Amino acid sequence: MLSSKKTLEKNALTIRYGIMKAISSNRGGHIGGSMDLADMLSVVYTDFIRVNPENPRDENRDFMIFSKGHAGPALYSALCFKGFFPPERLENLNKPNSLLPGHCDRNKVPGVDATTGSLGQGLSIACGAAHAAKIKGTDQRVYCVIGDGEAAEGQIWEAAQYAAHYELDNLIAFLDWNNKQIDGTVDEVMKLGDPVKKFEAFGWNAQLVTGTDVIGIQKAINSAVTCHSKKPVMIVLKTVKGQGAKCIMEMPNNHCIALTDELKEKVMSELDEQAEKLEMEVV
Ligand SMILES: Cc1ncc(C[n+]2csc(CCOP(=O)(O)OP(=O)(O)O)c2C)c(N)n1
Ligand SMILES: [Mg+2]
């Protein structure tokens, strides 16, 4: 049975608290592009992805390929929520010899399926995993997350063509359409145009969903996993970089920031307000 809106919103908030735990332990980090993925991660890790925290490399697991690897804190927080490791580990982000490097690292963090950070590569890795499942005849699914700035990389479009050619309908990708990258807006740096039309033109089933609409995201994933259209699926998330904390959303440059005590307090009080509205106990 699929979860209620309230459950998904509570879990998204738990993931945002975890992101804050990680980033504040390092007194800064990639906050904008991590916060805006919390709602999607809540839906995927609550209702859909078949993974086993007791056996992170289970041969029959679904995969999560986080191609925008700088958003490691978001994935780590979701993995912690799912039970892959205890919350204390989130307080180790990016420390020397850390078991929680800033960018996603499959060799150090249980539940991470690909080491990423050099943008543009993850969709190809996801294609390989999805194609392998097809060849083996398993029902494994591969989830993948790419950024809109990242979509300036040519390799993304090579992978998009590959996924359509090999009819990888077990590949469900998300594009974080926040119109921001490291150096400014995506429109300024490298226009993307309409990603839904673009992926459709590449032979994908693509649809637009508001990035905070947990039920919209749930419906989109559910239709991707239930209908076998022989096409890969792109769910374009219309997000605001930093969403979930107004004071971060409103910062012109919120890509990778120093988190002062004052800013941390502002974010935490916004999250606490949301927790109160959701009647959620914060531990
Ligand atoms: C190949 C490569 N080029 C450049 C970078 C530097 N870089 C890190 S994050 C980033 C912006 C990515 O933008 P986007 O995909 O929109 O992610 P968001 O900032 O929205 O999280 C860039 C250019 C990189 N990591 N890899
Ligand atoms: Mg972006």
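Just so it is clear, the model here is predicted, and its values are computed rather than measured. Just follow the structure's listing: the first ligand is 1, and inside any ligand the first atom is 1.
- Between Phe48 and Ile172, every side-chain heavy-atom pair lies at or beyond the 4.5 Å cut-off.
- Between Lys5 and Asp213 there is no salt bridge, since none of the side-chain N atoms of the basic residue sits less than 4.0 Å from a carboxylate O of the acidic one.
- Taking the six-membered ring for Trp, Phe199 and Trp157 have ring centres closer than 6.0 Å.
- Distance check for Asn178 against the Mg ion (ligand 2): an N/O/S atom falls below 2.8 Å.
- Not one N/O/S atom of Lys68, from backbone or side chain, sits under 2.8 Å from the Mg ion (ligand 2).
- The Mg ion (ligand 2) has no N, O or S atom of Asp176 under 2.8 Å away, backbone or side chain.
- A cation-pi arrangement, defined by a distance under 6.0 Å to the six-membered ring centre and an angle within 45 degrees of its axis, is present between Arg61 and Phe63.
- Judged by a 6.0 Å distance limit and a 45° cone about the ring axis, Lys238 is positioned over the six-membered ring of Trp177.
- The local environment of NZ in Lys95 is crowded, with over 12 non-hydrogen atoms from other residues, nucleotides or ligands closer than 6.0 Å.
- Counting heavy atoms from C-beta outward, Val44 and Phe174 have side chains that approach closer than 4.5 Å.
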Tabulate distances under 3.5 Å between N/O atoms of ligand 1 and N/O atoms of the protein, writing both atom names on each line.
{"unit_1": "ligand 1", "atom_1": "15 (O)", "unit_2": "Gly149", "atom_2": "N", "d": "3.4"}
{"unit_1": "ligand 1", "atom_1": "15 (O)", "unit_2": "Glu150", "atom_2": "N", "d": "2.8"}
{"unit_1": "ligand 1", "atom_1": "16 (O)", "unit_2": "Asp148", "atom_2": "OD1", "d": "2.7"}
{"unit_1": "ligand 1", "atom_1": "16 (O)", "unit_2": "Gly149", "atom_2": "N", "d": "2.8"}
{"unit_1": "ligand 1", "atom_1": "16 (O)", "unit_2": "Lys180", "atom_2": "O", "d": "2.9"}
{"unit_1": "ligand 1", "atom_1": "17 (O)", "unit_2": "His70", "atom_2": "NE2", "d": "3.3"}
{"unit_1": "ligand 1", "atom_1": "19 (O)", "unit_2": "Lys241", "atom_2": "NZ", "d": "2.6"}
{"unit_1": "ligand 1", "atom_1": "19 (O)", "unit_2": "His255", "atom_2": "ND1", "d": "3.1"}
{"unit_1": "ligand 1", "atom_1": "20 (O)", "unit_2": "Asn178", "atom_2": "OD1", "d": "3.2"}
{"unit_1": "ligand 1", "atom_1": "20 (O)", "unit_2": "Asn178", "atom_2": "ND2", "d": "2.8"}
{"unit_1": "ligand 1", "atom_1": "20 (O)", "unit_2": "Lys180", "atom_2": "O", "d": "3.0"}
{"unit_1": "ligand 1", "atom_1": "21 (O)", "unit_2": "Lys68", "atom_2": "NZ", "d": "2.8"}
{"unit_1": "ligand 1", "atom_1": "21 (O)", "unit_2": "His70", "atom_2": "NE2", "d": "2.8"}
{"unit_1": "ligand 1", "atom_1": "25 (N)", "unit_2": "Gly117", "atom_2": "O", "d": "2.7"}
{"unit_1": "ligand 1", "atom_1": "26 (N)", "unit_2": "Leu119", "atom_2": "N", "d": "3.0"}

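- Sorting the N, O or S atoms of Asp148 by how far they are from the Mg ion (ligand 2) puts OD1 first.
- Using modelled atom types and a 3.5 Å distance limit, the side chains of Ser67 and Glu150 yield a donor-acceptor pair.
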